[in-house]
There are 2 protein chains.
Amino acid sequence: MNEQLTKHISKFVAVGDDELVEINRFFKVVNVKKKANLLVAGDTCNQTFFVSKGLLRKFFISDKGVENTTEFALENWWITDVLSFTNRHSSEFYIQAVENAEVLSLSRENYQRLLHQHPAMEKYFRCIFEKAYGAAQMRIKYQYDFSREELYHHFRLRHPEFLQRVPQYLIASYLGFTPEYLSEIRRKSLS
Amino acid sequence: MNEQLTKHISKFVAVGDDELVEINRFFKVVNVKKKANLLVAGDTCNQTFFVSKGLLRKFFISDKGVENTTEFALENWWITDVLSFTNRHSSEFYIQAVENAEVLSLSRENYQRLLHQHPAMEKYFRCIFEKAYGAAQMRIKYQYDFSREELYHHFRLRHPEFLQRVPQYLIASYLGFTPEYLSEIRRKSLS
DNA sequence: CGGTCTCTTGACGGAGTTCAAAGCTAGTGG
DNA sequence: CCACTAGCTTTGAACTCCGTCAAGAGACCG
């Protein structure tokens, strides 16, 4: 039984200890080494992942061959390609460990069984997606509102933990610009 | 009882006619005139809206005083500022009718009562947010992948209905560039 | 130590913005 | 039903942010 996950569930719904034990059975613990992939573009995403330890990222490769990191996920975050997961079509994304990580994997079949057998989990995931949707809305807003330089400073202030744990070129890839330009911004902010 | 909404709910969950009648009682029909606001920046968003007829948009005003349209919603779409709605803090967004519209308004209190009294609606909204989150993920992906010009052509092909119903400057505002540049792109594609 | 990743620097070019002004369209009131 | 006006769209010139390319300097790992 994973403490990280049960704590997280309990933040959103009231579930007894017995039921929490039951719920845990649906998940499988997976250890991922740095740079190893949990999902590869072209495959269908058959799992959704809860990060209990470490740091993952989601990215795709553009026509020009550039990696674009659309998302980071650290402890207590969920990460998956939702569209591929729910619609069973092949994914354009990779999900990869930035650091060695431990995740709890929930397969599509178990996801559906879990929701069916434990109605409290409908509420839990409703809350999770509600939050995730809200966060995505803000992400989208920032894209309109900020210049690339402002995006960096905003990110730096709101997520200092990532600057410690993630190499610069991945930060650049996440913010949607080149490592060269990130380097230039950093130089400017020093002086 | 609103047919539009009941049909939509039935697409996601199996609910009997009697319960559908009950569910409908939680909603209030609101008619909005073109350019009228359902939400104004600074206010807390106390409702979520289901569009049964017409077309709405969500936008915010940047520091420089420019309107940025982050979302359109037409028939059968939900629209709200989720973060303001769930966390009860003031919103930075406006929600405005692009055309005369009819919406079903669900207040925060009724939303919670509805979820509590009709567990099927937990599932319904879980599905709605799952889809909305998936769509937002794709929106974010496009921002990395496409140039502004490509964004326009992609939008034009996938949402031709909007080009009919929405003035150009709002399309530009949605795609995140200036009306002048949109005009230039259109000229290029004609020749 | 040696080699491969990562970060920095600088020159140049191009996509997209800003500003200003003119043409067009559609709604409104008389 | 027409005329007027405010708002929408187009054009063009100057400018800027940021990407591309190329090359060098560190840093980390075997």
Side-chain angles (χ1 to χ4, degrees), chain A residues 33-37 55 57 59 61-69 72 96-100 142-156 162-191, chain B residues 32-37 54-55 57 59 61-69 72 94 96-101 142-156 162-191:
Chain A
K33 290 250 145 113
K34 184 171 171 171
K35 300 245 173 186
N37 291 317
L55 177 53
R57 69 178 180 124
F59 68 94
I61 298 180
S62 72
D63 297 343
K64 295 144 204 154
V66 180
E67 287 188 7
N68 293 82
T69 301
F72 290 116
Q96 187 180 82
V98 175
E99 306 169 349
N100 292 339
Y142 299 147
Q143 306 263 23
Y144 287 90
D145 215 9
F146 295 150
S147 71
R148 306 257 151 120
E149 188 170 351
E150 287 169 332
L151 276 176
Y152 169 69
H153 290 299
H154 184 261
F155 179 80
R156 194 169 57 84
F162 286 99
L163 295 186
Q164 308 301 321
R165 294 170 72 172
V166 177
Q168 311 260 343
Y169 72 99
L170 286 185
I171 304 275
S173 157
Y174 175 77
L175 294 173
F177 47 74
T178 57
E180 290 92 329
Y181 187 56
L182 177 52
S183 185
E184 191 182 323
I185 293 171
R186 283 165 50 84
R187 182 172 24 140
K188 271 203 286 182
S189 15
L190 291 181
S191 57
Chain B
V32 229
K33 289 250 146 113
K34 183 170 172 172
K35 301 248 173 182
N37 292 316
L55 177 52
R57 69 179 180 122
F59 68 96
I61 299 180
S62 72
D63 297 344
K64 296 144 205 151
V66 181
E67 288 187 7
N68 294 84
T69 301
F72 290 115
Y94 296 77
Q96 186 179 83
V98 176
E99 307 168 349
N100 293 338
Y142 298 147
Q143 306 263 23
Y144 287 91
D145 215 7
F146 294 150
S147 70
R148 306 256 152 120
E149 187 169 352
E150 287 169 332
L151 277 177
Y152 169 70
H153 290 299
H154 184 260
F155 180 79
R156 193 168 58 84
F162 285 99
L163 296 186
Q164 308 301 321
R165 294 171 71 173
V166 177
Q168 311 259 342
Y169 73 100
L170 287 184
I171 304 277
S173 157
Y174 175 76
L175 294 173
F177 47 72
T178 58
E180 290 92 330
Y181 186 57
L182 177 52
S183 184
E184 190 181 323
I185 294 171
R186 283 166 49 85
R187 184 172 23 146
K188 272 204 284 183
S189 11
L190 291 181
S191 57

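A, B, ... follow the sequence lines: proteins, then strands. Residue 1 opens every chain.
- Side-chain contact between B:Arg156 and B:Leu163 is present, with at least one heavy-atom pair separated by less than 4.5 Å.
- Rounded to the nearest 0.5 Å, atoms CZ (B:Arg57) and CZ (B:Phe162) are 13.0 Å apart.
- One finds no side-chain N or O of B:Arg186 lying less than 4.0 angstrom from the OP1 or OP2 phosphate oxygen of D:dT9.
- Regarding B:Lys188, its NZ atom lies at a distance of 15 Å from the P atom of D:dT10, rounded to whole Å.
- Note: CD (B:Glu150) to P (C:dG14) measures 17 Å, nearest angstrom.
- Residues that satisfy the salt bridge (charged side-chain N to carboxylate O under 4.0 Å, His left out) test with B:Arg148, not counting sequence neighbours, are absent from this structure.
- A distance of 11.5 Å separates NE2 in B:His153 from CZ in B:Phe146, rounded to the nearest 0.5 Å.
- With sequence neighbours excluded, the residues forming a side chain to side chain contact (heavy atoms under 4.5 Å, CB included) with A:Asn68 are A:Phe60, A:Ser62, A:Val66, B:Tyr144, listed by chain and number.
- To the nearest 0.5 Å, the span separating OH on A:Tyr142 from CZ on A:Phe155 amounts to 12.0 Å.
- Between A:Gln96 and A:Lys35, the closest heavy-atom pair is NE2-O, 3.4 Å.
- With rounding to the nearest 0.5 angstrom, the CZ atom of B:Phe59 is 5.5 Å from the CG atom of B:Asn37.
- In this structure, A:Leu182 atom CG and D:dG19 atom C1' are separated by 14 Å, rounded to whole Å.
- Comparing D:dT11, C:dT9, D:dT9 against the side chain of B:Tyr169 picks out D:dT9 as the nearest.
- Overall, the helix from C:dC1-D:dG30 to C:dG30-D:dC1 carries an axis bend of 60° between its ends, with five pairs at each end and the value rounded to 10°.
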Checklist entry - In the 5'-to-3' direction, what one-character label does each nucleotide of nucleotides 15-23 of chain C receive under the scheme B = base within less than 4.0 Å of a protein heavy atom, S = sugar-phosphate only, - = no such atom? => result -SBBBB---
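- Of all non-hydrogen atoms in B:Val32 and B:Ala97, the two that sit nearest each other are CB-CB, 4.1 Å.
- When the P atom of D:dC8 is taken as reference, atom CD of B:Gln168 falls 12 Å away, rounded to whole Å.
- The distance from atom NZ of B:Lys35 to atom P of C:dA26 is 14 Å, rounded to the nearest whole Å.
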Determine all donor-acceptor pairs shorter than 3.5 Å in which one atom belongs to a side chain in residues 174-185 of chain A; sequence neighbours excluded.
{"unit_1": "A:Tyr174", "atom_1": "OH", "unit_2": "A:Arg139", "atom_2": "NH1", "d": "3.3"}
{"unit_1": "A:Thr178", "atom_1": "OG1", "unit_2": "A:Tyr181", "atom_2": "N", "d": "3.2"}

Polar atoms only, N or O, under 3.5 Å: list the protein pairs with nucleotides 25-30 of chain D and their distances.
none

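- The OH atom of B:Tyr94 sits 4.0 Å away from the CD1 atom of B:Ile61 when rounded to the nearest 0.5 Å.
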